[in-house]
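Data block below; observations after.
Order of appearance sets the numbers: ligands from 1, and atoms from 1 within every ligand. Residues take their numbers from the sequence shown, with the count starting at 1.
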Amino acid sequence: MSAQMPESALLERAMMVPYQAISMPNTTKRGLKLLMRRDDLIDPNAIGNKFYKLYFNINHAIKSHKRRLVTMGGPWSNHLLACAQAARKNGMQSRALIRGKHHKFLSQTLQDCQSLGMQLDFVSTTEYQSLTNLPHSEQASLPDKLLENRQHDYFIPEGGCNDLGVNGCQYIGQAIRRYSGTPSSVCVAVGTGGTFRGVVQGLGGLCHTLGVAVLKNTHKKTTLFGLGSINHQPWSLAWGFDLGGYGRRLPAQAVNFWRTFEQNNQIAIDPVYTLKMLWGVDQLARLGYWNTGDTVIVIHTGGLQGRRGFSQQMDWPTPKPVM
Ligand SMILES: *Cc1c(COP(=O)(O)O)cnc(C)c1O
């Protein structure tokens, strides 16, 4: 991530992301051609979609002479780590409000954030929720809680989900548009939905986009997606593949699916987003959602650092992150 990179450089970079044929039990049985777009490889830290979300935010922060990134997230957040890394790389400071006041120990993610110089401030879950429920414009104008110094602080909402973040994610869709062949669908995990929205917009109607919701109560979040602003584009959302919700212990069936996927394809995936998206895609294939011979592109959104929070469930070797 670099301030000097112009917009066209992001497209070029997105176009270099490789696609890899993968197999899963039901998609194979149904005769689907499955391609994984390896956006986990967009940067060396496997930070994935957060690279796209931060790209224009960082550019903007630097252009407006900001000195510090201020954001918020949970203890295993990929977004927090991406912000800490981006701030460090661009000579800025960083600060984060962390969800939950009473952590017995610092997660490895937060330890990494701290060692990159990020200031961590813990707030109660209730307070955190009331902050995230505010519109972003109001979040950014709470001086004492979030921005101590308006002149120097640049606020990025939870998950990097603002207009500049969505704009960055459009380049995923644009790169797919320039990839040879027309897929039947592009599938992506949906947290806040900013990535999904960007992908849909960037695809510009090339094909259908399927978002797989990974959070349990996605539909309750009123700020989700801004999907109303996507006009005339073919997309849908799939629910019911959250495997119990964010950060929950995975059911044995899902752990088996995870292990089998990594062993068969030699690609490491994170359990919070990409695993659930793939699980959803494979289940939908079983239910006959696609036709034999369809090509489906699934997006690996990265976030491999989050695997560390699940270490107790992994009894198989992690495939190497590079192809
Ligand atoms: C943040 C994240 C997502 C979700 O992106 P949203 O734009 O919030 O929907 C998906 N995958 C990974 C690995 C992430 O870190």
Side-chain angles (χ1 to χ4, degrees), residues 17 36-43 45-57 71-86 96 99 107 109 112-113 132 136 156-173 186-202 209-219 221 223-227 229-230 235 237-239 241-243 245-247 258 267-281 298-310 321:
V17 167
M36 177 169 264
R37 181 178 152 85
R38 300 288 307 273
D39 276 306
D40 56 316
L41 301 174
I42 188 78
D43 86 332
N45 297 312
I47 216 71
N49 66 335
K50 302 302 185 286
F51 176 86
Y52 293 93
K53 286 176 145 196
L54 288 179
Y55 191 88
F56 293 117
N57 275 296
T71 190
M72 37 207 304
W76 292 101
S77 162
N78 296 322
H79 165 69
L80 288 187
L81 188 53
C83 280
Q85 285 165 349
R99 185 185 62 229
S107 68
T109 305
D112 290 351
C113 288
T132 47
H136 295 157
I156 304 178
E158 188 184 41
C161 203
N162 58 10
D163 287 347
L164 290 176
V166 171
N167 189 30
C169 292
Q170 283 200 58
Y171 286 82
I172 301 175
V186 172
C187 306
V188 63
V190 170
T192 62
T195 306
F196 175 68
R197 188 176 148 195
V199 170
V200 173
Q201 286 173 348
T209 311
L210 177 73
V212 180
V214 304
L215 308 180
K216 200 165 187 138
N217 293 315
T218 311
H219 57 286
K221 281 223 164 195
T223 54
L224 197 69
F225 318 129
L227 283 186
S229 63
I230 309 180
W235 58 265
L237 283 178
W239 314 93
F241 303 111
D242 57 69
L243 295 169
Y246 194 87
W258 184 12
I267 301 174
I269 52 174
D270 88 297
V272 180
Y273 295 100
T274 303
L275 171 66
K276 292 174 184 174
M277 182 273 291
L278 292 174
W279 167 263
V281 168
V298 294
I299 300 177
H300 191 322
T301 42
L304 294 174
Q305 66 90 23
R307 287 167 66 90
R308 301 178 296 182
F310 278 75

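Within 4.0 Å of ligand 1, heavy atoms belong to protein residues Asn49, Lys50, Lys53, Asn78, Val190, Gly191, Thr192, Gly193, Gly194, Thr195, Tyr273, Thr301, Gly302, Gly303.
Under the rule for a side-chain contact (heavy atoms from CB on, under 4.5 Å), the partners of Gln85 that lie at least two apart in sequence or sit in another chain are Asn45, Ile47, Leu81, Leu116.
Side-chain contact check for Pro157 versus Met72: every heavy-atom pair is 4.5 Å or farther apart.
Distance check, rounded to the nearest 0.5 Å: CH2 of Trp258 to NZ of Lys276 gives 10.5 Å. Of the inter-residue distances, the one linking Tyr55 atom OH with Ile42 atom CD1 reads 9.5 Å to the nearest 0.5 angstrom.
Looking only at atom types and distance, the side chain of Thr192 has no donor-acceptor partner in the side chain of Glu158 under 3.5 Å away. No donor-acceptor contact under 3.5 angstrom links the side chains of Asn49 and Tyr273, judged on distance only.
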